[in-house]
Trainee: 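Input: one structure, supplied below.
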Amino acid sequence: MHPIQSKSAIDIVSFLTISHQQWEAKKKPSPTATTSEIATNTLTSTSHLTQQLMPMLIEYGWVERVGRGHWKVRHAYQCPTTSIYAIEVKRSDWQRALGQATPHTKFANKTFLAMDEARLPKAKETLLGALGHAGVGLLSLSADRLKDPLEIIANPSRRSPKSTERFVVAERLLAVRGSGGNSGFWGHVFGKLITTSSGDDPRKSALLLT
């Protein structure tokens with residue numbers, strides 16, 4: 001199926017999937033839902049739904065119109081990924097980095113903060129306490145040839161989020177992989193295209209496609 005990268009579109013397909021499942025369980029007289037029902041339950045305006053979202057979902061093969069103002073799902077929605085790991089990479093300032101990493105726990109099975117080993121605090125009690133409270137792990141990266149380049153200092157418990165945020169991220173990952181790439185759009189940072197300081201750009205690695 002064509003990836004759905006819009007939160008509103010995913011909400012619609014998810015709602016129609018539930019409607020169809022309720023009909024199969026004989027809890028509803030019909031597998032369809034009206035435009036008004038969909039708009040109310042997905043917090044979407046009727047005009048946006050009928051003019052933009054439903055035509056797109058019909059084109060993608062996800063929904064079909066059944067009579068005037070009635071819709072049903074053609075394929076039950078299911079998250080296309082089984083595991084998502086999120087890694088927030090920062091060189092220093094772990095407080096700020098943790099603040100940026102914590103929202104990833106809404107969609108990721110495991111979230112990690114990866115930092116330069118030389119810039120981590122010597123006494124890590126406060127850092128590890130904050131990480132544990134947020135449910136975020138810690139990876140230490142080192143350029144010292146005498147040390148392991150990567151060390152897992154804190155490994156968080158696996159989560160099983162079922163949020164719309166997870167579905168959106170999963171669909172966007174599916175779209176990237178389906179296009180044959182490893183990364184989405186590479187934006188500029190402070191007017192520059194930031195990449196690795198040495199070696200090949202890992203986003204171009206064929207290993208990530210395996």
Trainee: Nearest 0.5 Å, what's the OH-CD1 distance between Tyr77 and Ile10?
Mentor: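 That separation rounds to 4.5 Å.
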Trainee: Got a donor-acceptor contact below 3.5 angstrom from the Thr105 side chain to the Thr102 backbone?
Mentor: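 A pair under 3.5 Å: yes.
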Trainee: Please answer: with hydrophobic residues joined when any side-chain heavy atoms are less than 4.5 Å apart, are Ile4 and Ile58 in the same cluster?
Mentor: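 Same cluster: Ile4 reaches Ile58 through Ile, Leu, Val, Met, Phe, Trp or Tyr contacts under 4.5 Å.
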Trainee: Would you check, one step at a time, whether the test side-chain hydrogen bond (donor to acceptor under 3.5 Å, both in side chains) holds for Thr32 with Ser30?
Mentor: CA-CA 5 Å; Thr32 67; Ser30 170; 2.8 Å; yes
Trainee: Just jot down the ring pair (Phe, Tyr, Trp, His ring centres under 6.0 Å) partners of His75, sequence neighbours excluded, or say none.
Mentor: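 His75: no ring pair (Phe, Tyr, Trp, His ring centres under 6.0 Å) contacts found.
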Trainee: Working to the nearest 0.5 angstrom, can you tell me the gap between His70 NE2 and Thr35 OG1?
Mentor: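 Answer rounded to 0.5 Å: 8.5 Å.
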Trainee: Identify the heavy atoms of Trp62 and Val13 that sit nearest to each other, and give their distance.
Mentor: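 Closest approach of Trp62 to Val13, heavy atoms only: CE3-CG1, 3.7 Å.
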Trainee: Report the residues that fulfil salt bridge (charged side-chain N to carboxylate O under 4.0 Å, His left out) with Lys147, sequence neighbours left out, ordered by chain and then residue number.
Mentor: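 In terms of salt bridge (charged side-chain N to carboxylate O under 4.0 Å, His left out), with neighbours along the sequence ignored, Lys147 is linked to Glu117.
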Trainee: What are the two closest non-hydrogen atoms of Phe167 and Lys162, and how far apart are they?
Mentor: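 Nearest heavy atoms, Phe167 then Lys162: CZ-O, 3.9 Å.
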Trainee: side-chain contact (heavy atoms from CB on, under 4.5 Å) with Val176: which residues, sequence neighbours excluded?
Mentor: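 Testing Val176 for side-chain contact (heavy atoms from CB on, under 4.5 Å), a comparison that skips the adjacent residues, returns none.
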Trainee: Between Thr81 and Arg166, is the side-chain contact (heavy atoms from CB on, under 4.5 Å) condition met? List the steps.
Mentor: CA-CA 9 Å; Thr81 63; Arg166 178 178 177 83; 4.0 Å; yes
Trainee: Between Glu171 and Pro80, is there a side-chain heavy-atom distance shorter than 4.5 Å?
Mentor: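 Pro80 reaches Glu171 side chain to side chain.
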Trainee: Looking at His104 and Ala86, what are the two nearest heavy atoms and their distance?
Mentor: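 For His104 and Ala86, the tightest heavy-atom pair comes out as CB-CB, 3.7 Å.
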Trainee: Would you check if Leu128 and Ile153 make a side-chain contact, meaning some heavy-atom pair closer than 4.5 Å?
Mentor: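 They are in contact (side-chain heavy atoms under 4.5 Å apart), so the answer is yes.
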Trainee: Just jot down the salt bridge (charged side-chain N to carboxylate O under 4.0 Å, His left out) partners of Lys28, sequence neighbours excluded, or say none.
Mentor: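 Result, salt bridge (charged side-chain N to carboxylate O under 4.0 Å, His left out) vs Lys28: none returned.
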Trainee: Would you say that Gln21 contacts Thr17 through its side chain, given a criterion of any heavy-atom pair below 4.5 Å between the two side chains?
Mentor: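 The answer is yes, as the side chains (C-beta and beyond) meet within the 4.5 Å cut-off.
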Trainee: Is Lys72 close to Glu64 at the side-chain level, that is, under 4.5 Å between some pair of heavy atoms?
Mentor: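 Yes, at least one pair of side-chain atoms sits under 4.5 Å.
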Trainee: Quick check: does any side chain N or O of Asn109 sit under 3.5 Å from a backbone N or O of Arg159, one acting as donor and the other as acceptor?
Mentor: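 Yes; judged by distance alone, with no hydrogens or angles, the pair exists.
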Trainee: Please, which pairs that meet side-chain hydrogen bond (donor to acceptor under 3.5 Å, both in side chains) have at least one residue in residues 118-138, sequence neighbours excluded?
Mentor: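 Residue pairs with at least one partner in residues 118-138: there are none.
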Trainee: Can a donor-acceptor pair be found, under 3.5 Å and without considering hydrogens, that links the side chain of Ser6 to the backbone of Ala9?
Mentor: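 At least one qualifying donor-acceptor pair exists.
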Trainee: CD1/Ile38 to CZ/Phe15 distance, rounded to the nearest 0.5 angstrom?
Mentor: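 Nearest 0.5 Å value for the CD1-CZ distance: 6.5 Å.
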Trainee: Any link between Val66 and Leu16 through a network of hydrophobic side chains (Ile, Leu, Val, Met, Phe, Trp, Tyr) touching at under 4.5 Å?
Mentor: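 Shared cluster, no.
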Trainee: State, with a plain yes or no, whether a side-chain heavy atom of Leu174 is found less than 4.5 Å away from one of Gln5.
Mentor: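 The answer is no, as the side chains (C-beta and beyond) never meet within the 4.5 Å cut-off.
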Trainee: So how far is it from Met56 CE to Leu49 CG, rounded to the nearest 0.5 Å?
Mentor: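 With rounding to 0.5 Å, CE (Met56) is 10.0 Å from CG (Leu49).
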Trainee: Relative to the ring of His2, is the ring of Tyr60 parallel (under 30°), tilted (30 to 60°) or perpendicular (over 60°)?
Mentor: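 The arrangement is parallel - the two ring planes meet at less than 30°.
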Trainee: To the nearest 0.5 Å, what is the distance between OG (Ser142) and CG (Leu120)?
Mentor: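 Answer for the OG-CG pair, Ser142 versus Leu120, is 10.5 Å.
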Trainee: What pair of heavy atoms forms the shortest contact from Pro31 to His20, and how long is it?
Mentor: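 Shortest heavy-atom separation between Pro31 and His20 comes out as CB-CD2, 3.7 Å.
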Trainee: Checking Thr164 now: which residues fulfil side chain to side chain donor-acceptor pair (under 3.5 Å) with it, not counting sequence neighbours?
Mentor: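 With sequence neighbours excluded, Thr164 shows a side chain to side chain donor-acceptor pair (under 3.5 Å) to Asp11, given in chain and number order.
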Trainee: Give me the atom names and distance for the closest heavy-atom approach of Ala101 to Thr111.
Mentor: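 In this case the closest contact between Ala101 and Thr111 is O-CG2, 3.5 Å.
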Trainee: Between Leu139 and Val89, is there shared hydrophobic-cluster membership here, with clusters defined by ILVMFWY side-chain heavy atoms closer than 4.5 Å?
Mentor: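 Same hydrophobic cluster.
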Trainee: Does atom CD of Gln95 have more than 12 heavy-atom neighbours from other groups under 6.0 Å away?
Mentor: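 Counting other residues, nucleotides and ligands, CD of Gln95 exceeds 12 neighbours.
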Trainee: To the closest 0.5 Å, what do you measure between CG (Asp148) and CG (Leu141)?
Mentor: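 Taking CG in Asp148 and CG in Leu141, the distance rounds to 11.5 Å.
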Trainee: For residues Pro156 and Val136, report the shortest heavy-atom separation together with the two atoms involved.
Mentor: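 Minimum heavy-atom separation between Pro156 and Val136: CB-C, 4.1 Å.
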Trainee: Atom CZ of residue position Arg158 - does it have more than 12 heavy atoms of other residues, nucleotides or ligands inside 6.0 Å?
Mentor: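 Enclosed.
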Trainee: Linking I/L/V/M/F/W/Y whenever their side-chain heavy atoms sit closer than 4.5 Å, directly or via other members, would Tyr85 and Leu173 fall into one cluster?
Mentor: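 Not linked; separate clusters.
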